[in-house]
Amino acid sequence: MKVISIFNNKGGVGKTTTTIMLGQLLAKQNKKVLLIDLDPQCNLTSQLNKSNEKPKFSTYNLLMDEVQAEDVICEYKGDDFSIDYMPSSINLQRANNEILLKAHEVNPNTRLSKKISQIKEYEIIIIDCNPSIDNLTTNILSASDEVLIPIKADLYSVDGIELLLETVNKVKNNFNSKLKISGVFLNGYQKSRIDDHVYTTLCHQFDSMMVTKIHNAVAIKENTIKEELLIESKLRNKKIIPQYEELLKEMGI
């Protein structure tokens, strides 16, 4: 089993879209996939939960040790594939403080890792991370084998990536020696001098910069608004899906 976190402390860089797209593609390859929503904004959960019923349990309950992993798992059924997922909850906003309050019970940095270790039936687990650097982030990275980092082509993203990589290294050195960066990739790319300059700058600064770029696409925004999955939607963009397929290949999956 491989656990991959889609991580960036900035919001709006496409973590949720990346998580869902990779999950769909792997599921259509008949791989057993689990997606975990650990963002209190619950965007992944909104995309995959097609019932009008609120999930009984969430990843908040899991982290608080109120339930077992199997109790949280839900299923999204597509036309010709299915994806299992763990829904999130707005209560995750409280998780950081509450995890620390329970530090006398369980190591506050490895709560998620212990829960994920209960799960045996999946080939790949992909985690949609919260856009911050905190104890919840440490839990996610401590439970992961790899980190995939989406980044937008702007100078603020370039400035912030060093702190992000520093966080990954701290977790690796202190809690999870197997953790590695599978790559940094440009998301929402548009063919322009600015985007090309940012990409070149990143390639010079970071060895982990990936060749694959995910282009900006109206279809992705439309699908997000309609809460539809890109592969199943009539609004699918034929150029985007192959780019995510290339991203998987570059990750070695």
Side-chain angles (χ1 to χ4, degrees), residues 4-8 10-31 33-37 39 41-50 76-85 124-129 131 146-154 157-158 161 181-200 202-203 208-253:
I4 303 168
S5 293
I6 313 299
F7 174 50
N8 193 319
K10 283 180 64 65
V13 297
K15 294 186 292 294
T16 300
T17 299
T18 300
T19 303
I20 292 176
M21 281 301 303
L22 297 186
Q24 290 175 86
L25 290 170
L26 291 167
K28 288 182 78 71
Q29 294 174 15
N30 294 319
K31 287 186 166 60
V33 183
L34 174 67
L35 307 184
I36 301 179
D37 191 349
D39 185 347
Q41 296 178 78
C42 308
N43 292 332
L44 183 144
T45 301
S46 296
Q47 287 265 55
L48 295 180
N49 182 21
K50 292 306 175 187
Y76 171 89
K77 291 186 178 181
D79 292 337
D80 58 355
F81 68 97
S82 64
I83 304 174
D84 286 353
Y85 70 98
I124 297 175
I125 294 176
I126 307 177
I127 302 175
D128 185 15
C129 298
E146 298 183 15
V147 182
L148 179 64
I149 302 170
I151 187 169
K152 285 291 179 72
D154 64 66
S157 294
V158 176
I161 196 170
I181 295 173
S182 52
V184 181
F185 73 96
L186 208 58
N187 199 17
Y189 170 79
Q190 299 183 67
K191 183 63 179 176
S192 67
R193 283 190 296 177
I194 294 175
D195 284 25
D196 288 339
H197 172 70
V198 171
Y199 179 72
T200 301
L202 289 167
C203 287
S208 52
M209 199 68 199
M210 303 175 87
V211 174
T212 305
K213 306 181 191 76
I214 305 298
H215 286 64
N216 190 40
V218 174
I220 291 178
K221 295 178 182 178
E222 290 176 334
N223 279 98
T224 301
I225 292 170
K226 291 176 175 289
E227 295 187 345
E228 295 176 341
L229 301 197
L230 192 62
I231 284 179
E232 295 196 305
S233 170
K234 295 177 182 178
L235 300 173
R236 71 185 68 184
N237 188 316
K238 293 181 180 179
K239 293 181 179 179
I240 294 299
I241 294 172
Q243 290 169 10
Y244 281 103
E245 290 173 337
E246 287 300 314
L247 190 63
L248 280 173
K249 289 179 184 176
E250 197 168 351
M251 293 170 66
I253 300 175

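Keep in mind that this is a model prediction, so the values were computed, not measured.
- Side chains of I214 and F185 form a contact here, defined as non-hydrogen atoms less than 4.5 Å apart.
- Counting only distance, with no hydrogens or angles, the side chain of D195 and the backbone of Q190 share a donor-acceptor pair below 3.5 Å.
- Across K15 and C129, no two heavy atoms sit closer than the pair CE-O, 3.4 Å.
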* To do: In sequence, state the C-alpha distance, the side-chain angles, and the governing distance for N8 and K152, and then conclude on side chain to side chain contact (heavy atoms under 4.5 Å, CB included).
  => CA-CA 10 Å; N8 193 319; K152 285 291 179 72; over 6 Å; no
* **Derivation and outcome, side chain to side chain contact (heavy atoms under 4.5 Å, CB included), residues I4 and M251** => CA-CA 10 Å; I4 303 168; M251 293 170 66; 3.8 Å; yes
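- For E246, the salt bridge (charged side-chain N to carboxylate O under 4.0 Å, His left out) test picks out K249, with sequence neighbours left out.
- Once rounded to the nearest 0.5 Å, the distance linking OG1 of T18 with CZ of F7 reads 14.5 Å.
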* Quick one: do L22 and I253 satisfy side chain to side chain contact (heavy atoms under 4.5 Å, CB included)? Show the steps, please. => CA-CA 10 Å; L22 297 186; I253 300 175; over 6 Å; no
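- A distance-only check finds no donor-acceptor pair linking the side chain of D128 to the backbone of D37 [under 3.5 Å].
- The minimum heavy-atom distance linking G23 with L35 is given by the pair CA-CD2, 4.0 Å.
- Side chain of K28 to backbone of D80: no donor-acceptor contact under 3.5 angstrom is found.
- M21 CE to Q243 CD: the interatomic distance, rounded to the nearest 0.5 Å, is 9.5 Å.
- A 4.5 Å side-chain heavy-atom check between I36 and L44 finds every atom pair outside the cut-off.
- Here NZ of K31 is found 8.5 Å from CG of L248. Values are rounded to the nearest 0.5 Å.
- Aromatic ring pairs are classed by plane angle as parallel below 30°, tilted from 30° to 60° and perpendicular above 60°; the pair Y189 and H215 is perpendicular.
- Annotation: the span from E245 atom CD to I240 atom CD1 amounts to 11.5 Å, rounded to 0.5 Å.
- For the pair N187 and V13, the minimum side-chain heavy-atom distance is 4.5 Å or more.
- Considering only heavy atoms from C-beta on, I241 stays 4.5 Å or farther from Q24 through its side chain.
- The closest side-chain heavy-atom distance from L148 to L247 is below 4.5 Å.
- Counting only heavy atoms from C-beta outward, the side chains of Y85 and I20 never approach each other to under 4.5 Å.
- Distance alone, capped at 3.5 Å, is enough to place a donor-acceptor pair between the E250 side chain and the T212 backbone.
- Smallest separation of non-hydrogen atoms from P131 and Q41: CG-NE2, 3.6 Å.
- Applying the side chain to side chain contact (heavy atoms under 4.5 Å, CB included) rule to V184 yields the partners I149, I151, I161, S208, M209; only residues at least two apart in sequence or on another chain are considered.
- When all heavy atoms are compared, the tightest approach of S182 to E146 is CB-OE1, 3.0 Å.
- Note that CG of L34 and CD1 of I125 are 5.0 Å apart. Values are rounded to the nearest 0.5 Å.
- D84 pairs by the salt bridge (charged side-chain N to carboxylate O under 4.0 Å, His left out) definition with K32, not counting sequence neighbours.
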